[in-house]
Amino acid sequence: MCGIVGYIGGKRAIDFLLDGLTKLEYRGYDSAGVAVNCGDNIFVEKAVGRLDSLKQKLKNNLPLGNIGIGHTRWATHGRPSDTNAHPHSDCHGKFFVVHNGIIENYLKLKQDLTAKGHKFISDTDTEVVAHLLEESYHGDFLLAVRDVISKIEGSYSLVFMSKENPDVLICAKQDNPLVVGIGENENFVASDIPAIISYTRKTYILNDGEIAIVQKDSVQFVNRQGLPINKKIFNVTWNAAAAEKGGYEHFMLKEIHEQPKAVRNTISPHIKNNSIHFDELNWNADFLKNIDKIYIVACGTAYHAGLVGKFYIEKLVRKLVEVDLASEFRYRAPIVDENTLVIVVSQSGETSDTLAALKESKRLGAKTLAVTNVVGSSIAREAEFVIHTAAGPEIAVASTKAYTTQLILMFMLALYMAQISKTVSDSDAERLIEQLKKIPAQISETLSDVEPIKTFAQIYGFNDDVFYIGRSLDYCVALEGALKLKEISYIHAEAYAAGELKHGTLALIVEGVPVIALATQKSVYEKTLSNIKEVKARDAIVIGIAAEGDTSLSNYLDHVIFVPETDELLIPLLAVVPLQLLAYYAAITRGCDVDKPRNLAKSVTVE
Ligand code: F6R
């Protein structure tokens, strides 16, 4: 959730640093800072708050140096402040460092360094790294960095700059992303590709334990022991426009409208001759026979996608699936062994809890499969098997296209497993694939008339509480709809399994309370309808979400939003769309910062 940038070359470093940090704003942060080596001095500026505050401070005082580092910080150790903002330095201003992650043994290191006379000015774990470097440095910058790395425990991506070594940046990575972008007589460093794609497409993606020595015309890699590593260049295929708003007012709206394409791109590599293929898995019947338990582990929206994935696998493959929040799973001694398949779902592929759950599952001997949107991400590299959603970069903090692509990928995964284990008939598989192929066009159809949703959002935008109800897969979608509304509009929203209402929550349903009722699941339709009548009888304002062709719901409700008809397993991909739009327009009505909601960050790389 913090952002790192670095530049070395022939141009003014500050221009890339500020631009790169701007491109990483979506990651969430509460302060920012830069350090630029100007030869006789190191120029440092920091500011709490948005990047604009830093730019304001720099306005008439832009440093001219050609090597520099920058950072956007999201507070973990120590409150957001100018002093706690990165870059951090040692006692004598010789070394500067920016850091993403957490140094777990920083307190012990700080005590030792303080005893040796080092003076600390911030509350951060990162400052320890700069002082350690000062302690380890005896004329060889790389040797000193390697010594620091051997002493710190925890997760990090680190970029070091040294006053005495003005021709090099040194970077190190463990459990946090870091890339080096290759330019002409200049090189770039960043925690994420969007920071550098408008400068270069040629990158090196660092692996854990790797150290990069970045000079203006060369990049070399060594491991912790100092042995050279040969790395392949990774060519980024995203175009710069894909990471920009493309005419929409917000990234979130753009990404909602990108869903037909994102879902189509996710589907197309896996359908051949009317059956589902995952060449990257290549599983067979024996492999599946040996799996007696499946966990799906994830956080937030990805967890909600996992809940839908459970339905898919249980229904089509007839294997028991448990869905767990990654932050719970890793600490509750899960029953996992070599006959367990653990599926982790993560858009970013960097979520700390999900990564830790994956590592724990591997340690316990499980087979692991990652469902992720980011090729080369930590989770993708850690898992035994990886399948990718093709959502493209998701910039808005609130996840939308990542969710729908996760659903479709898990649907195809379940169908793939069902084909192998012969738990689905050929004719059913064919019918489902036919329905699957229609989904992108049906999402477009769902997106074609947003006006009624805008109107509802204007009504709901001023309510303090909204309830979402549904049964079966509708309940899973209700959870996601409520999360969307909460996170971007700050309206209190709760989702309930409709059958649970009378066990407590019905007490909150009184005249005028808004309820969004999902009734797309044919198998439980009558049951849902009776729950809808229960809330309607208490004079709640109810908006229904139903499949086209449903002629009953309108008899009971004033407002019904219809989505195209499809198999009930696939309808969550359509039913979620009006809920995303409702959340978006409610947030707009309330004047909220849609793409950067308060207290939230796009990629949660700390626990
Ligand atoms: C909500 C949202 C978050 C993420 C969660 C997991 O809109 O985006 O709840 O889904 O932080 O992130 P990933 O999928 O990157 O692991």
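Both ligands and their constituent atoms are indexed starting at 1 by order of listing. Quick caveat: nothing in here was measured; it's all calculated off a predicted structure.
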When you compare the side chains of Glu480 and Thr301, does any donor N or O come within less than 3.5 Å of an acceptor on the partner? yes
Is there a heavy atom in Ile379 that sits closer than 4.0 Å to ligand 1? no
Under a 4.0 angstrom heavy-atom cut-off, which atoms of ligand 1 come close to Ser348? 13 (P), 15 (O), 16 (O)
Identify the closest protein heavy atom to atom 6 (C) of ligand 1: which residue and atom is it, and at what distance? Cys299 O, 3.3 Å
Can you find an N or O of Ala398 that's nearer than 3.5 Å to an N or O of ligand 1? no
Just need the protein heavy atom nearest to atom 11 (O) of ligand 1, so name the residue and atom and give the distance. Val604 CG2, 4.1 Å
Distance under 6.0 Å and angle within 45° of the ring axis: does Arg50 meet both against Tyr29? yes
If you count the atoms of ligand 1 from 1 in the order shown, which ones are under 4.0 Å from a heavy atom of Ala302? 10 (O), 14 (O)
When the ring planes of His492 and Phe467 are compared, do they come out parallel, tilted or perpendicular, using 30° and 60° as the limits? perpendicular
Looking only at protein heavy atoms, which one is nearest to atom 13 (P) of ligand 1, and what is the separation? Thr351 OG1, 3.2 Å
Answer whether the closest heavy-atom distance between the side chains of Leu358 and Ile379 falls below 4.5 Å. yes
Starting from atom 10 (O) of ligand 1, which protein heavy atom do you reach first, and at what distance in Å? Thr301 N, 3.1 Å
Has His304 got any heavy atom lying under 4.0 angstrom from an atom of ligand 1? no
What part of Glu487, side chain, backbone, both or neither, has a heavy atom within less than 4.0 angstrom of ligand 1? side chain
Hey, mind stepping through Asp593 and Arg598 against salt bridge (charged side-chain N to carboxylate O under 4.0 Å, His left out) and telling me if it holds? CA-CA 8 Å; Asp593 188 348; Arg598 69 183 178 209; over 6 Å; no
What I want to check is whether the side chains of Thr340 and Asp337 have a donor and an acceptor closer together than 3.5 Å. yes
Check: Gln521/Thr528 side-chain N/O donor and acceptor closer than 3.5 Å: no
Between Glu451 and Lys454, does a salt bridge (charged side-chain N to carboxylate O under 4.0 Å, His left out) hold up when you go through it step by step? CA-CA 5 Å; Glu451 287 313 313; Lys454 271 192 194 170; 3.6 Å; yes
Within ligand 1, which atoms have a heavy atom of Gln347 less than 4.0 Å away? 13 (P), 14 (O), 15 (O), 16 (O)
What I want to know is whether Ser399 and ligand 1 share at least one N or O pair that is separated by under 3.5 angstrom. yes
